[in-house]
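By convention in this document, chain letters (A, B, ...) are assigned in the order of the sequence lines, proteins followed by strands, and residues within each chain are numbered from 1.
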There are 2 protein chains.
Amino acid sequence: MRDSASRCLSRLRSRRVPAASFRFRGFRLRIENVVDINTRTGQAGHEVLAAVLQVRQGSLQVLLWQRALAPHSGRWSLPGGRLCADEDVEASIRRQLAEKVDVRQLAHVEQLAVFSAPDRVPGERVVATAFLGLVPCDNDPELPNDTSWYPVEALPDTAFDHEAIVLRARNRLRAKLSYTNLGFALAAPEFTVSALRELYSAALGYRVSATNLQRVLSRRGLLEPTGHTAPPGPSGGRPAALFRFTAGGILVTDPFAVLRPPGSARA
Amino acid sequence: MRDSASRCLSRLRSRRVPAASFRFRGFRLRIENVVDINTRTGQAGHEVLAAVLQVRQGSLQVLLWQRALAPHSGRWSLPGGRLCADEDVEASIRRQLAEKVDVRQLAHVEQLAVFSAPDRVPGERVVATAFLGLVPCDNDPELPNDTSWYPVEALPDTAFDHEAIVLRARNRLRAKLSYTNLGFALAAPEFTVSALRELYSAALGYRVSATNLQRVLSRRGLLEPTGHTAPPGPSGGRPAALFRFTAGGILVTDPFAVLRPPGSARA
DNA sequence: CCAAAAGTGTTCCGGATACACCCATGC
DNA sequence: GCATGGGTGTATCCGGAACACTTTTGG
């Protein structure tokens with residue numbers, strides 16, 4: 001009985017039906033307006049959404065899927081879905097992204113913020129926890145038909161408040177590229193400095209000098225040479241040395257912008 | 001009828017009773033296990049919590065209230081409560097804090113993160129959006145009997161995951177003092193540089209030099225003299241000039257730690 | 001005059017940028 | 001040799017830290 005009641009509730013919540021009923025000990029029990037009761041008691045659905053970013057063809061792009069059904073049919077929205085009972089928000093977004101992107105391809109996932117305007121989606125009230133996800137540039141996941149990459153600077157018609165989430169993700173990435181080693185999550189395991197320069201330029205939106213990039217990252221101990229070299233291009237040129245990031249996880253390298261504790265030389 | 005049903009639901013949800021019933025057209029309807037159904041459908045309660053910080057008596061302190069009832073009776077927890085239907089999370093935390101602190105005394109409120117471990121609180125699953133709140137040091141709000149300030153470095157027995165939230169709030173404040181003007185939310189409208197130094201020292205946990213503090217904040221255009229002076233102490237000394245922050249809201253003053261756009265002198 | 005507290009001048013240093021120069025390869 | 005792309009050496013700049021010194025008050 002409990003299962004059929006659950007089914008009723010979830011059909012009602014997804015607004016597929018106006019009311020639902022089920023049988024119980026000979027009675028036919030009809031449920032309606034469960035949404036309304038939930039709303040009155042402050043009960044709200046919770047979803048997780050991710051802006052998954054990758055540098056593709058020289059620009060920072062985000063993974064979107066096109067809605068086939070109302071509301072906002074035809075518009076593009078972020079991957080994600082309902083939070084389930086036995087998972088926290090990060091486990092939830094990783095599970096839901098697994099349908100779009102192989103989990104191993106997600107080099108970094110972090111919380112952005114909660115989006116909770118009461119009318120952010122039509123119908124039942126839904127609070128969203130938004131995430132930033134990063135995919136290294138050497139991956140090209142197989143995507144479902146309704147899903148594709150779009151440049152962050154040229155988004156299609158987006159659904160709900162998803163554009164704001166994408167912009168928030170881009171800004172977070174840009175900030176953290178400066179004071180952490182987050183570049184590791186955009187780059188392949190081995191890369192040339194000029195390839196890395198392309199990634200940083202695309203993500204930051206301005207030209208980054210390869211010279212200074214290498215210097216800054218090396219000085220901080222984030223970069224180490226692998227000993228290998230990449231072959232030169234068709235027009236010649238010195239073969240480029242290959243590097244890798246020394247750490248696999250995120251590290252804050254520049255914690256004190258100013259007002260550092262006495263005696264601490266910067267990093 | 002809907003109202004009595006709502007009341008039943010909310011009594012059940014708060015775990016005050018194991019079951020509740022109400023009358024409807026001559027029938028006595030009994031509700032139980034509503035929590036269980038909600039859990040199975042992924043429905044979760046949502047609460048907002050704030051670590052409200054203030055520098056008091058030379059140390060960074062946080063506002064806590066002592067739980068009188070189970071669960072975690074006697075332990076100290078953060079102010080907050082359920083998200084209501086017509087408000088977003090920030091409006092909600094401001095409303096709930098108004099019962100403890102006059103809203104005008106809250107100089108700054110910002111989201112920290114979502115805490116969502118399925119077992120973070122016993123009973124019904126509750127997802128929490130955590131906030132940082134800051135109260136300038138010239139306010140001393142009247143507090144309810146069960147509520148008081150505790151130094152962040154010497155917390156009492158805390159409930160649930162609230163200690164982690166307090167530490168997260170402290171770390172956020174420390175970081176933002178470095179690269180924003182967030183000091184305005186700790187300071188009185190007018191202050192001497194040495195008073196400001198005390199605030200920064202307490203918040204950061206290490207001795208800050210008044211000389212450099214004034215220099216850094218002035219160079220960034222965050223501080224301006226009011227023209228007034230404070231009288232010297234009983235043992236004499238030169239009277240201190242009074243300053244104020246030029247901006248009332250938060251400003252990021254040091255956006256690029258490194259890899260700044262070409263040609264941009266820092267700030 | 002002396003002590004105390006506030007404020008300023010000066011030096012030093014490290015990290016980041018900018019740019020010139022050297023290196024290794026294909027043609 | 002020469003064009004092309006990669007890597008390094010070096011000068012410069014700027015902001016912050018440290019510390020000495022001056023200023024203004026009370027006793």
Side-chain angles (χ1 to χ4, degrees), chain A residues 177-180 190-198 200-201 204 206-243 252-267, chain B residues 177-180 183 190-198 200-201 204 206-243 253-267:
Chain A
L177 282 178
S178 265
Y179 66 91
T180 72
E190 293 199 358
F191 47 84
T192 66
V193 172
S194 57
L196 192 64
R197 186 184 73 86
E198 302 291 343
Y200 273 72
S201 298
L204 291 172
Y206 55 79
R207 211 110 193 100
V208 172
S209 137
T211 301
N212 293 331
L213 181 63
Q214 182 181 11
R215 206 97 73 168
V216 166
L217 296 182
S218 303
R219 193 154 41 205
R220 296 181 171 182
L222 303 183
L223 232 49
E224 66 185 6
T226 64
H228 310 142
T229 56
S235 61
R238 174 172 168 175
L242 290 171
F243 292 82
V252 174
T253 57
D254 204 3
F256 307 106
V258 291
L259 304 174
R260 327 196 228 307
S264 74
R266 182 187 279 223
Chain B
L177 282 178
S178 264
Y179 66 92
T180 71
E190 294 199 356
F191 48 83
T192 66
V193 172
S194 57
L196 193 63
R197 187 185 73 85
E198 302 291 343
Y200 273 72
S201 298
L204 291 171
Y206 54 80
R207 211 107 193 103
V208 172
S209 138
T211 299
N212 293 331
L213 180 63
Q214 182 181 11
R215 207 100 72 169
V216 166
L217 296 183
S218 301
R219 193 151 42 204
R220 295 181 173 180
L222 303 183
L223 233 48
E224 67 185 4
T226 63
H228 309 143
T229 56
S235 62
R238 174 172 170 174
L242 290 172
F243 292 82
T253 57
D254 203 3
F256 307 107
V258 290
L259 303 174
R260 325 194 229 305
S264 75
R266 181 187 281 222

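The minimum heavy-atom distance between T192(B) and A230(B), with the atom names listed, is CG2-CB, 3.9 Å. The minimum heavy-atom distance between F243(B) and Q214(B), with the atom names listed, is CZ-NE2, 3.4 Å. Shortest non-hydrogen contact noted between V193(A) and A210(A) is CG1-O, 3.7 Å. Listed here is the closest heavy atom pair of P232(B) and P239(B): CD-CB, 4.1 Å. Contact between S201(B) and V208(B) at its shortest, heavy atoms only, is OG-N, 3.2 Å.
Backbone-only engagement by A241(A) is indicated by non-hydrogen atom pairs under 4.0 Å involving sugar-phosphate atoms exclusively.
In this structure the side chain of L222(A) reaches within 4.5 angstrom of the side chain of T253(A), judged on heavy atoms.
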Practice item. Summarise how protein sits on nucleotides 19-27 of chain D as a single string, 5' to 3': B when a protein heavy atom is under 4.0 Å from the base, S for sugar-phosphate-only contact, - for no contact. Key: B---BBBSS
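Rounded to a whole Å, the CZ atom of R207(B) is 16 Å from the P atom of dA17(D). As rounded to whole Å, 17 Å separates atom P of dA5(C) from atom CD of Q214(B). Summarising the geometry, the separation between CG on L213(B) and C1' on dA17(D) is reported as 13 Å, rounded to the nearest angstrom. As rounded to whole Å, 13 Å separates atom P of dG15(C) from atom CG of L222(A). We find that CG of L223(A) is positioned 11 Å from P of dT8(D), with the value rounded to whole Å. In this structure, R220(A) places its CZ atom 14 Å from C1' of dT17(C), rounding to the nearest Å. Nucleotide dG14(C) holds its P atom 16 Å from the CG atom of D254(A), rounded to whole Å. When the P atom of dG6(D) is taken as reference, atom CZ of F191(A) falls 14 Å away, rounded to whole Å.
Across dA16(C), dG7(D), dG7(C), the shortest atom-to-atom separation from the side chain of V193(A) is found for dG7(D).
Here R219(B) reaches the OP1 or OP2 of dG16(D): one of its side-chain N or O atoms lies under 4.0 Å away.
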